[in-house]
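In listed order, ligands and their atoms are each counted from 1. Position 1 is the first residue of the sequence, and the numbers go up from there.
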Amino acid sequence: MLDNTRVERLEAEAVNSAKVRQPMYAARKKIFPKRASGSFRRFKWLVMAITLGIYYLTPWLRWDRGAFAPDQAVLLDLANRRFYFFFIEIWPQEFYYVAGLLVMAGVGLFLITSTVGRAWCGYTCPQTVWVDLFLVVERAIEGDRNARMKLDAGPWTARKLVLRVSKHAIWLVIGAATGGAWIFYFADAPTLVGELFTGTAAPVAYVTVAVLTATTYTFGGLMREQVCTYMCPWPRIQAAMLDESSLTVTYNDWRGEPRSRHAKKVQAAGQSVGDCVDCNACVAVCPMGIDIRDGQQLECITCALCIDACDGVMDKLGRERGLISYATLSDYNANMMLATAGGSGSVKPSLVRTADGLFSDKVSHFHIRKIFRPRTYVYMGVWSLIGLGLLYSLLTRDRLEVNVLHDRNPQFVTLSDGSIRNGYTVKLLNMIPEPRTIVVTMQGLPRADMSVVGDDIPAGRSFAIPVEPDRLKVLKVFVRQPAGQIQGTARTFTFRVEDKASFESDEYTATFNAPEIAR
Ligand code: SF4
Ligand code: SF4
């Protein structure tokens, strides 16, 4: 017999579910999530520690790139238009790496969502992580659910004022730390932190910190679940990525119904009861203010805290865990058909259990192979291909480049000796943080020579020029061909650049223009 006398019933109401959701501009009904404990909560603590740790600490990691490049491991150097990520340095023209990573993140999100539902929302979304952090502060100062509700409903006293001021002050400090950490990604963190506190940082740094402090405080502390319910498009988009084999947090009413708060009495009266004792523990812990027993809802971020809460209740009742669990729609439907004798009536607990109270062998359970299906294979394949392509490109990319721009006006100049001269802007890109000497050679155009404007390099078919580390060097080059050698109005030739030390090289095919009359 189901004995629920040891399970406390909480006065919790789902204030945010579709059934009771207020119009958008109605006053928000406050939610006071109770502290959950269990394996999913522990996993969320771990994810929270890792994600916050990465966010706050990354700008302080150092990476030695030599004397000519910054030593911050991750740096978006907007002034010099460089992105440093440990041993990788991305130039503006290599932005496709960032685009590729964003595409990979998108496809990865599709893969995760089609496999385990909104895991991104429940565990790693910044909104979820920061709301969790703000709730930690709130609980530490004001207490758990009941204490917070009592405090909120009570009159303003000195104690309430002190608690509220303390809570909001710490939230603001977290907001400022969040904004502060963000700007450290754009400048040398140790230098910038000193400038920030001495009032010598750029105004944009203070403005950015202020804006991010305000948004973090507002979204994480004040708006919380409203950001997910009303502002975020992801709950609406995710439905397209779920199928009957996706895992989502599910209330298994095929074993929970008919629910009863007075299971003993009901059973004594000869009626059957399901495993749900209507204790509301799942509602009380929900940070979104919903009741998962109402079915799938766009508000549910699949944080799985209701699973922890209900598992705790099932442990007390001596029932199998998993009344609320990660389940696929196909398993749920199969079990529902079993519990309702093929959909012909209401749920009968006896249909899913054997005489000794155990689950029937016919009950469907999740199997790991359901993760591997055509849809997830396609996502994994696309994700891997993009990743391998980026990796290959990264490992084989050139760190020495030449780009050439032919003068548009004039296209050529006829000199007093009848020779023809063309002008070019030659751009040498030294993409390593070391100085090097680049040898520029021209190939083709017999007997032509080149000279560098503003440099005392003698005219010839080759010259060597030093290029600063991690810099673009722009040269104005004249190419001259004697009159007797002109063979057409437009002939191609090649600028070849080479670093003799590393044997890296690059080439650019340019055009030499001449007048018709010169032939
Ligand atoms: S689903 Fe579980 S936690 Fe929720 S009311 Fe029923 S028994 Fe309680
Ligand atoms: S219903 Fe459960 S999984 Fe969904 S948001 Fe609430 S606690 Fe998290």
Side-chain angles (χ1 to χ4, degrees), residues 2-21 31-41 43-44 47 113 116-125 127-129 131-132 135 145 224-229 232 234-235 238 242 246-263 266 273-327 332 347 349:
L2 192 61
D3 179 6
N4 65 334
T5 50
R6 287 186 303 136
V7 177
E8 178 200 4
R9 184 167 194 282
L10 300 167
E11 288 310 317
E13 178 197 1
V15 297
N16 195 33
S17 59
K19 278 205 274 188
V20 293
R21 197 184 308 142
I31 298 170
F32 302 90
K34 186 173 161 49
R35 192 184 199 284
S37 56
S39 48
F40 286 105
R41 181 62 267 185
F43 180 62
K44 275 172 70 71
V47 173
T113 306
V116 286
R118 291 171 63 184
W120 161 259
C121 300
Y123 299 93
T124 46
C125 172
Q127 174 67 15
T128 300
V129 173
V131 168
D132 241 9
L135 277 171
R145 176 182 163 83
R224 297 185 183 179
E225 79 290 343
Q226 290 189 305
V227 174
C228 311
T229 305
C232 180
W234 188 237
Q238 60 146 359
L242 299 176
S246 305
L247 279 169
T248 53
V249 174
T250 306
Y251 168 60
N252 294 305
D253 46 1
W254 52 267
R255 62 169 274 200
E257 301 294 319
R259 69 185 77 161
S260 175
R261 292 177 197 175
H262 312 288
V266 174
V273 289
D275 290 340
C276 177
V277 292
D278 203 13
C279 63
N280 284 338
C282 51
V283 182
V285 297
C286 179
M288 299 301 294
I290 61 172
D291 186 343
I292 190 65
R293 293 174 300 170
D294 294 339
Q296 288 293 317
Q297 296 148 74
L298 72 81
E299 294 87 352
C300 176
I301 55 170
T302 68
C303 64
L305 295 181
C306 53
I307 298 181
D308 278 343
C310 192
D311 280 350
V313 174
M314 292 299 109
D315 288 350
K316 285 184 190 163
L317 294 172
R319 293 279 172 161
E320 302 89 344
R321 289 180 162 204
L323 173 55
I324 302 174
S325 67
Y326 270 104
Y332 171 82
V347 172

> Apply the test side chain to side chain contact (heavy atoms under 4.5 Å, CB included) to residues I292 and C286: give CA-CA distance (whole Å), side-chain angles for both, the deciding distance (0.1 Å), then the verdict.
CA-CA 9 Å; I292 190 65; C286 179; over 6 Å; no
> Taking D275 for the side chain and E257 for the main chain, is one N or O donor matched with an acceptor at less than 3.5 Å?
no
> For atom 8 (Fe) of ligand 1, which protein heavy atom lies nearest, and how many Å away is it?
C279 SG, 2.3 Å
> Is R321 salt-bridged to D315, cutoff N-O under 4.0 Å?
yes
> List ligand 2 atoms under 4.0 Å from M288, heavy atoms only on the residue side.
5 (S)
> Heavy-atom distance to atom 5 (S) of ligand 1: which of V313, N280, D275 wins?
N280
> For atom 7 (S) of ligand 1, find the nearest protein heavy atom and state the residue, atom name and distance (0.1 Å precision).
V277 N, 3.6 Å
> Please state which protein non-hydrogen atom is closest to atom 3 (S) of ligand 1 and give its distance, to 0.1 Å?
C282 N, 3.4 Å
> Given V285 and R41, is the side chain to side chain contact (heavy atoms under 4.5 Å, CB included) satisfied, shown in steps?
CA-CA 11 Å; V285 297; R41 181 62 267 185; over 6 Å; no
> Using modelled atom types and a 3.5 Å cut-off, is there a donor and acceptor pairing between side-chain atoms of T128 and backbone atoms of C121?
yes
> Is the closest basic N to carboxylate O distance between R35 and D308 below 4.0 Å?
no
> Do any of the N, O or S atoms of C300 sit under 2.8 Å from atom 4 (Fe) of ligand 2?
yes
> If we set the cut-off at 4.0 Å for heavy atoms, which region of T302 has an atom near ligand 2: side chain, backbone, both, or neither?
backbone
> The test is side chain to side chain contact (heavy atoms under 4.5 Å, CB included); show your working for R293 and D253 and say whether it passes.
CA-CA 8 Å; R293 293 174 300 170; D253 46 1; over 6 Å; no
> If the cut-off is 4.0 Å to any non-hydrogen atom of I324, which atoms of ligand 1 fall inside it?
1 (S)
> Do any N or O atoms from the side chain of R118 and from the backbone of L298 form a donor-acceptor pair under 3.5 angstrom?
yes
> Side chain, backbone, both or neither: which applies to V283 and ligand 1 if a contact is any heavy-atom pair less than 4.0 Å apart?
neither
> State whether the side chain of Y251 and the backbone N or O of D291 hold a donor-acceptor pair below 3.5 Å, judged by distance alone.
no
> Can you name the atoms of ligand 2, numbered from 1 with element, that are less than 4.0 Å from a heavy atom of C286?
1 (S), 5 (S), 6 (Fe), 7 (S)
> Any atoms of ligand 2 less than 4.0 Å from a non-hydrogen atom of A304? List them with their elements.
3 (S), 8 (Fe)
> Just need the protein heavy atom nearest to atom 2 (Fe) of ligand 1, so name the residue and atom and give the distance.
C310 SG, 2.4 Å
> What part of I290, side chain from CB on, backbone N/CA/C/O, both or neither, has a heavy atom under 4.0 Å from ligand 2?
side chain
> Of the non-hydrogen atoms in V313 and A281, which two are nearest, and what is the gap between them?
CG2-CB, 4.0 Å
> Taking the side chain from S260 and the backbone from H262, do they hold a donor-acceptor pair closer than 3.5 Å?
yes
> What are the atoms of ligand 1, with element, lying closer than 4.0 Å to any heavy atom of R293?
1 (S), 5 (S)
> Using a strict cut-off of 4.0 Å, indicate which atoms of ligand 2 neighbour a heavy atom of I292.
1 (S)
> Within ligand 2, which atoms have a heavy atom of C306 less than 4.0 Å away?
1 (S), 2 (Fe), 3 (S), 7 (S)
> For ligand 1, which atoms, with element, lie under 4.0 Å from some heavy atom of C276?
1 (S), 5 (S), 6 (Fe), 7 (S)
